Each structure stands twice: as C-alpha cells, then as structure tokens.
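Reckoned from all heavy atoms, side chains included, excluding hydrogens, waters and symmetry mates. Predicted model, so just to flag it, every value in this text is computed and none were measured.
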2 protein chains.
Amino acid sequence: MSIPAPTVYVVDDDVSFLTAVARLLRAGGYAVKLYSSADAFVKDPPPEPVGCVIVDLHMPGMDGMELQEVLARSSSPLPVIFLTGHGDIATSVHAMRKGAEDFLTKPVNREKLFEAVQRALVRNALQRAAGARDRELRALYETLTPREREVMTHVVAGRLNKQIAADIDAAERTVKAHRASIMAKLRVQSVADLVRLSQSLGL
Amino acid sequence: MSIPAPTVYVVDDDVSFLTAVARLLRAGGYAVKLYSSADAFVKDPPPEPVGCVIVDLHMPGMDGMELQEVLARSSSPLPVIFLTGHGDIATSVHAMRKGAEDFLTKPVNREKLFEAVQRALVRNALQRAAGARDRELRALYETLTPREREVMTHVVAGRLNKQIAADIDAAERTVKAHRASIMAKLRVQSVADLVRLSQSLGL
DNA sequence: CCGTGTTCTGCACCAAAGGACAATAGCGGG
DNA sequence: CCCGCTATTGTCCTTTGGTGCAGAACACGG
C-alpha cells in the first residue's frame, strides 16, 4: 500500500498570488496543487483526501464559502483554510462556525500560514483515521440481514432472548441463531463490544 | 423547584454602552444583569448558570478573552458572546476557536444581537441538560467502592466472571457479588446499559 | 468494645446464553 | 429444476450469569 503525501490544495483566482503562495509552501516542504477557481477544484477533485485546502473568499463562479459547503456536504476530511484580502469579522465568524480550520488575511504572514497548515494536516489525519474506522464498521454492519439488524437493536437495548423472541414473534431458538450470526459477522466477542460498536455507528 | 429565568450577563467597562445594551435587551424581554468589569463578574458569579454572557474584549484588569478562559476552565455552561469596538479578524477567529458563541462589533445591530443571544440560550439549555445528566451519573458512580469500580472496568470490557476472578485474584462468587452490587447502585438492568453508562462517563 | 461498611467466600438452585447437530421452507437466479 | 441464502425451529448439553442464604475477616469511628 502506498502512503499518499499530504498535499496543500490552493484555490485562488489571483494567479500571481497563487504562485506566490505555492512557492512559499513548497519552500516549506509541502506538496502543493493549484486551482484558479473553486469550480476547477470541484470538477477535478483530489484522488485522495489527504491534506488541506487553502481558498480565497471572493472568486468568480463558486466562492470560497460555497466550496467549504460542498466539501462539508460530501463529508470530506479536507480542512479549509480561508485566505482572503477583503474579509470582515462577520464573515470570518461565519466561516469558523461552519468548521473552517483558520481564516487568514492577505498579505499572509508566513508563520501564521505554516501554523494553520500544520494544524489542518493534523486534523485531516485524525479525521481520516476516524473515517476509516467508521467505514470498516459500517461495511461489517452492511453484511447483516434485515432480520439480524432487527435482533441487534433489541440485544443492544439489553433485552433478554425470550423478550426479543416475544417482540419479534419468533422462537427463542431463532433469536439465538440470529444473535450468534450477528456476533460472528461483526467480529465481536461480547455484548459489551457490540454495544460500543452500535454506539460508534450512531444507532 | 423553581425554574430560574435565563439571564443575559453583560460585562463592559463602558458604562454608557452597558446601559444601552441593557435597555435593548430588556426591551426584547430578556432578564439582564450588568457588570462593569470581568473581575466583578468573576467575584460575583451568577448563582445559576442559566443564560449567557456578553462581554467586551478590551477592559481594564481581566479582559474578555481571559473571562472566556475562566468560564471554560470551570466548565460553565454559559456561552460567551463577544461584543467589541476594536476587534480584528485574527482575534475573532481565536475567540471562535475557543468556543465563543459569536463575535459582534460595536455599534451592534439589534437583530444580530438578538439572534446571537437566542442561539446562546439554546446552547446553554442543551449544555445544562447534558451537564445535569452527567452529574447524576457521576454521583451514582461515586457510590461505588474501589473494588466495585475495578470489577466494573472488567465487566464493561466484556470479560467473563471467571476471567475477572482470575485477573483480580478472587473467587468467581466474589465477582458475582460485586457485579450485583454495581448493577444495583448504578440502577441499570443490563450489561448493555452499564456499557453505555461507562461511555457517558468517559471511562 | 461495638456497630457499620467493605471485602471475601461457600453451597445450592435456577435462569439465560451459547454451541452442536439437524431439519424445514421460501425466494431469487442460473 | 437445483443451488445458495435467509429465516425458522427443534433437541440436547454445557457454560455462564444471577440470586438466596450464610459466614468470616478487616478497618474505622463512636
């Protein structure tokens, strides 16, 4: 398996600024990819969501805030750092509330930029790790049949086999069979593990 | 039991502004309490943390950011709304990252202020509800003896009674006794409930 | 010294969970 | 029509969990 290098995706319609920021980041040892518009980024998204996005607020077509919205909607783990020349406090507050990693102003301070990128990359790594675990668990859960999921909710609720049997109108033996199948498919050894797994899945 | 009315605590060293904001809020139907410094607020804190805090950034003595820090450190459920005349983007970003509810500028827009306060009060209610549940559970957990807590960690880990017995070097019957005591004290009916409870406690 | 709470344990009994082995039945594809 | 998957249920046996009843050791405070 290849380990993809974290990449800083810079999106700005001001090409001279774009190249300046790119030079700065490359000098800092970061892999950089440039886009001259948010639309271009959306149309040609990164193959692996490893890294972060630095985006200008005001751009022709889709603006920075909209790009952030698109990323959020697609549950992308790429943190967004805003970098704009005409930002105001209200806008920065709104962006931060929407989950932006940082909100910087042009001309950008080299230290601040690197700090923001560093934080963003850490956050990205954490997000991806959490997301990966989540997908694994969901994949296991997907293998359950409808009936098994039904039984699982009862088991997680702490109900006894005979109670579950009565609830779903089946024999206790049937519940035991489903139960065993659930534990095997989800690869858990105890009800305690099963409960935690269901919590992780948000059930 | 009395239901305390949500109160908006306004902290600003500019007394004329303080009274103006107070008048505005009172006209909006909010209970208001005024402080002319953050130190005054800290020395004479609200008896019930029901409401929110509106605080100026720049003040003699403790400033707004420090006050936010104090509230966070004491796990206060009172959200903080900054309201300042000399704020910049970097400061607002920092404040939001620290968990501020909003960051407004003077002169304040009446609508924006009311919206912020409303959001803050909702958040406060949710925080208090969550905090109350948390304290109840913690109080129950406190009643457990050291030995019972030890057994509980093993039970929550999904270990069998005989395994637990071996681990803590005791008879299986002893583990059963502790286990029964745990379930009774924490008022749970099943291992599933116990696991969820321990998750809520962050164990 | 005595009472209280904690910890520990034994025996017996019953309820619940789980595994082994097996069988029946419906349903959708190949 | 047969295969595979799902769902269902049965019996038998073992392991595990839970409870009632009871006793003993220890520490701590009144």
Side-chain angles (χ1 to χ4, degrees), chain A residues 134-203, chain B residues 134-203:
Chain A
D134 193 71
R135 277 190 301 280
E136 280 175 32
L137 297 184
R138 258 169 229 292
L140 289 178
Y141 182 73
E142 292 298 321
T143 68
L144 295 186
T145 66
R147 196 57 158 169
E148 284 165 353
R149 295 180 200 188
E150 187 181 6
V151 171
M152 178 171 161
T153 62
H154 286 84
V155 172
V156 168
R159 316 263 303 157
L160 299 180
N161 285 345
K162 61 161 59 177
Q163 295 175 323
I164 299 174
D167 288 342
I168 69 175
D169 192 45
E172 186 179 340
R173 183 61 187 81
T174 306
V175 175
K176 287 187 181 182
H178 286 310
R179 198 165 167 152
S181 178
I182 293 166
M183 303 293 280
K185 285 186 178 177
L186 299 187
R187 292 174 202 154
V188 291
Q189 309 292 322
S190 64
V191 176
D193 290 336
L194 187 67
V195 171
R196 272 186 290 273
L197 190 150
S198 82
Q199 294 271 294
S200 299
L201 290 175
L203 300 180
Chain B
D134 193 73
R135 277 192 300 280
E136 279 174 32
L137 297 184
R138 257 168 230 293
L140 289 179
Y141 183 73
E142 291 299 320
T143 68
L144 295 184
T145 66
R147 196 60 157 170
E148 284 165 352
R149 296 181 198 188
E150 187 180 7
V151 171
M152 178 173 162
T153 62
H154 286 83
V155 172
V156 168
R159 315 266 301 157
L160 301 180
N161 285 343
K162 64 162 54 175
Q163 294 175 323
I164 301 174
D167 288 341
I168 69 175
D169 192 47
E172 188 179 339
R173 183 63 185 84
T174 306
V175 175
K176 288 186 179 183
H178 286 311
R179 197 164 169 154
S181 178
I182 292 167
M183 302 295 277
K185 284 185 178 177
L186 300 187
R187 292 176 202 152
V188 291
Q189 310 291 323
S190 63
V191 177
D193 290 336
L194 188 66
V195 170
R196 272 185 289 272
L197 191 149
S198 83
Q199 294 271 295
S200 299
L201 290 174
L203 299 180

_Approximate separation, where rounding is to 0.5 Å, of B/His154 NE2 and B/Leu160 CG_ = 12.0 Å
_B/Thr143 vs B/Thr174, nearer the 5' end of DNA chain C by closest nucleotide_ = B/Thr143
*How many angstroms lie between CZ in A/Arg149 and CG in A/Leu203, if you round to the nearest 0.5 Å?*
9.5 Å
_Angle between the end axes of the helix from C/dC1-D/dG30 to C/dG30-D/dC1, five pairs per end, to the nearest 10 degrees?_
30°
*Do A/Thr174 and A/Val151 come close enough that some side-chain heavy atom pair is under 4.5 Å?*
no
*Output every pair passing salt bridge (Lys or Arg N to Asp or Glu O under 4.0 Å) with a member in residues 157-181 of chain A, not counting sequence neighbours, ordered by first then second residue.*
A/Arg159-A/Asp167
*Apply side-chain contact (heavy atoms from CB on, under 4.5 Å) to B/Thr153 and list each qualifying residue two or more places apart in sequence or on a separate chain.*
none
*What residue pairs, at least two apart or across chains, pass salt bridge (Lys or Arg N to Asp or Glu O under 4.0 Å) with a residue in residues 180-191 of chain B?*
B/Glu148-B/Lys185
_Reading DNA chain D in the 5' to 3' direction, which nucleotide is the first one with an atom under 4.0 Å from a heavy atom of chain A, and which is the last?_
D/dT6 to D/dT11
*Please round to the nearest 0.5 Å and tell me the distance separating atom OG of B/Ser181 and atom CG of B/Leu144.*
7.0 Å
*Nucleotide range of DNA chain C lying under 4.0 Å from chain A heavy atoms*: C/dA16 to C/dC21
*A/Ser200: what forms a side-chain contact (heavy atoms from CB on, under 4.5 Å) with it, not counting sequence neighbours?*
A/Leu137
*Might you confirm whether atom CD of B/Gln189 has over 12 heavy atoms from other residues, nucleotides or ligands at distances under 6.0 Å?*
no
*Closest heavy-atom contact between A/Val175 and A/Asn161?*
CG1-OD1, 3.8 Å
*Quick one, which residues of residues 179-191 of chain B touch DNA chain C with a heavy atom under 4.0 Å?*
none
*Applying salt bridge (Lys or Arg N to Asp or Glu O under 4.0 Å), which residue pairs with at least one partner in residues 194-203 of chain B are found, sequence neighbours left out?*
B/Asp193-B/Arg196
*Just jot down the side-chain hydrogen bond (donor to acceptor under 3.5 Å, both in side chains) partners of A/Arg147, sequence neighbours excluded, or say none.*
A/Glu150
*How many angstroms lie between CD1 in A/Ile182 and OG1 in A/Thr145, if you round to the nearest 0.5 Å?*
7.5 Å
_Looking at every non-hydrogen atom in both residues, tell me the closest pair between B/Ala157 and A/Ser190 and how far apart they are._
O-OG, 4.4 Å
*For the student: nearest non-hydrogen atoms of B/Met152 and B/Leu186, plus distance*: SD-CD1, 3.7 Å
_Quick check on contacts: within residues 154-173 of chain B, what sits under 4.0 Å from DNA chain C by heavy-atom distance?_
B/Ala170, B/Ala171, B/Arg173
*Do any of residues 144-153 of chain B sit with a heavy atom less than 4.0 Å from DNA chain C, and if so which?*
B/Thr145, B/Pro146, B/Arg147
